[in-house]
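Below is one structure, written out as structure tokens; comments come after it.
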Amino acid sequence: MESAELFWKASIEDLKRGYSLDERNYVCHYCGMSFEEGVVYTVNGVFFDAKRTVEEHIKSVHGSVFESLMAIERKYTGLTELQCELMRGFFSGLDDGEIARRMNINRSTVRNHRFRLKEKAKQAKIFLVLFELMEEKIKKEDRIIDVHRGATMIDDRYVITEAEREEKIKKFFGEDGSLIRFPKKEKDKLIVLMKIAGEFTSNRIYSEKEVNEILKGYYDDYVLLRRYLIEYGFITRKPDGSSYWSIF
């Protein structure tokens, strides 16, 4: 399962850990790096099982789970800049007085914000249960697709149902899997690029030649596809174009 999908479907406990178990693989929520259960890995000369390895990976590559989650767009966390600053202070173990001094606000203001954050957490739990109960009643074909992890422009172009995605794929791709034509509408572009992006493996580094060869299998104008895949945040590359990798 793609890491972004794992992230959004993860339990509260998995989100707190920063990884999920997908079949036999422990998958990092933030980069998609996976570690197979039953395999022994070496980290700085020390042998670890897959679970401990993904924990060490998150710690060394992404820092804390807290900061990784705080780095997510605010439209997903629902937090204001002030709330983010306060939560970082609380997470660091600072007391109300120290946070108040650092932020140049009253101690009572800090305490009031902490109370509101606690109430917000209660509301979020109830909302999550209500949403999941509602989602269970919605037919699979009517569900809205997930936004991919590297998305650069999140707007109404992502309001796409599973049924709509399947319909557009049949419209723009031939029976041999090649792209018949590149669409003009932004939503259609997204659907086409999403399908093509699935050809790239997470955590693998590609040369420009390898990327071009994959894209040529879909469409003659592979340069156009490559440009849009980067623009929409499905793949990224080094400034000199020496290597590419998927962030889908």
Side-chain angles (χ1 to χ4, degrees), residues 1-10 18-20 22 25-35 54 57-58 60-63 68-69 71-73 75-76 144-160 162 164-166 168-174 176-248:
M1 189 185 295
E2 197 267 319
S3 59
E5 185 179 358
L6 274 179
F7 178 86
W8 292 115
K9 290 184 176 180
Y19 62 87
S20 293
D22 180 26
N25 296 298
Y26 289 94
V27 184
C28 171
H29 289 162
Y30 312 115
C31 69
M33 183 74 78
S34 64
F35 304 90
V54 74
H57 162 79
I58 292 171
S60 62
V61 177
H62 305 291
S68 295
L69 290 172
I72 295 174
E73 267 197 84
K75 69 181 297 178
Y76 293 123
I144 302 297
I145 65 169
D146 292 325
V147 176
H148 68 282
R149 182 159 44 92
T152 56
M153 301 166 283
I154 303 175
D155 50 32
D156 59 4
R157 79 189 73 187
Y158 281 92
V159 184
I160 303 168
E162 292 289 349
E164 185 179 6
R165 174 165 62 179
E166 290 302 315
K168 297 295 184 180
I169 287 174
K170 290 178 182 177
K171 177 180 178 180
F172 290 105
F173 290 89
D176 62 352
S178 63
L179 183 62
I180 298 170
R181 62 183 175 85
F182 192 72
K184 294 182 179 180
K185 292 182 179 180
E186 291 298 307
K187 185 180 286 190
D188 293 345
K189 286 179 186 176
L190 178 64
I191 293 171
V192 164
L193 294 169
M194 190 175 295
K195 176 172 172 55
I196 295 173
E199 190 75 24
F200 294 88
T201 303
S202 296
N203 308 315
R204 179 183 165 185
I205 301 298
Y206 294 86
S207 66
E208 186 170 283
K209 182 179 179 181
E210 289 176 316
V211 171
N212 292 344
E213 286 302 314
I214 291 172
L215 299 181
K216 284 178 185 177
Y218 282 98
Y219 199 53
D220 289 338
D221 193 352
Y222 61 89
V223 175
L224 178 140
L225 292 182
R226 192 181 68 208
R227 175 164 60 84
Y228 273 109
L229 283 168
I230 293 170
E231 183 179 321
Y232 276 68
F234 287 103
I235 61 175
T236 190
R237 63 179 177 180
K238 286 187 176 180
D240 62 2
S242 62
S243 59
Y244 293 71
W245 59 93
S246 169
I247 48 176
F248 179 49

Closest approach of Ile160 to Arg165 (non-hydrogen atoms, all atoms of both residues): CG2-N, 4.0 Å
For Tyr206, what residues pass the ring-ring contact (aromatic ring centres under 6.0 Å, His included) criterion, not counting sequence neighbours? Phe200
How about Thr236 and Trp245: do any of their side-chain heavy atoms sit closer than 4.5 Å? yes
Examine distances only and state if a side-chain atom of Asp221 and a backbone atom of Leu224 form a donor-acceptor pair shorter than 3.5 Å. yes
Quick check for you: to the nearest 0.5 Å, what is the distance between Glu208 atom CD and Lys238 atom NZ? 13.5 Å
Parallel, tilted or perpendicular for Phe182 and Tyr219, by the 30°/60° rule? tilted
Do you know the tightest heavy-atom contact between Glu210 and Ile205? OE1-O, 4.0 Å
Could you report the tightest heavy-atom contact between Gly241 and Arg237, atom names first, then the distance? CA-CD, 4.5 Å
Side-chain touch Tyr19/Val27, heavy atoms, less than 4.5 angstrom: no
Can you see which heavy atom on Gly18 is nearest to which on Tyr30, and at what distance? CA-OH, 3.7 Å
Find the distance between CD1 (Ile214) and CG (Leu225) and round it off to the nearest 0.5 Å. 12.0 Å
Does a side chain donor of either Glu199 or Tyr218 reach within less than 3.5 Å of an acceptor in the other side chain? yes
Candidate pair Arg181 and Lys171, rule side-chain contact (heavy atoms from CB on, under 4.5 Å), full reasoning: CA-CA 9 Å; Arg181 62 183 175 85; Lys171 177 180 178 180; 3.6 Å; yes
Before giving the answer on side chain to side chain donor-acceptor pair (under 3.5 Å), spell out for Ser242 and Asp240 the whole-Å C-alpha distance, their side-chain angles and the decisive distance to 0.1 Å. CA-CA 5 Å; Ser242 62; Asp240 62 2; 2.7 Å; yes
Rounded to the nearest 0.5 Å, the CE atom of Met194 sits from the OH atom of Tyr232 at a distance of 10.5 Å
Between Cys28 and Ile58, is any pair of side-chain heavy atoms under 4.5 Å apart? yes
Before accepting this row, confirm whether a basic side-chain N of the pair Asp155/Arg157 lies closer than 4.0 Å to the acidic partner's carboxylate O. yes
For a 4.5 angstrom cut-off between non-hydrogen side-chain atoms, does Leu215 reach Leu229? yes
Is it the case that Ser178 and Asp176 place a side-chain donor and acceptor less than 3.5 Å from each other? yes
Could you tell me whether the side chain of Lys187 and the main chain of Val159 form a donor-acceptor pair under 3.5 Å? yes
Check whether any side-chain heavy atom of Phe172 lies under 4.5 Å from a side-chain heavy atom of Ile191, and answer yes or no. no
Lys216 NZ: over 12 foreign heavy atoms closer than 6.0 Å: yes
Distance from His29 atom NE2 to Leu69 atom CG, nearest 0.5 Å? 9.5 Å
Would you call Arg226 and Glu231 a salt bridge, using N to O less than 4.0 angstrom? no
Of the non-hydrogen atoms in Ser246 and Ile235, which two are nearest, and what is the gap between them? CA-CG2, 4.0 Å
Compare all side-chain heavy atoms of His57 with those of Cys31 and state whether any distance is below 4.5 angstrom. yes
Taking the side chain as every heavy atom from C-beta outward, state whether Val61 and Met33 have any atom pair closer than 4.5 Å. no
Is the shortest side-chain heavy-atom distance between Phe234 and Leu190 below 4.5 Å? yes
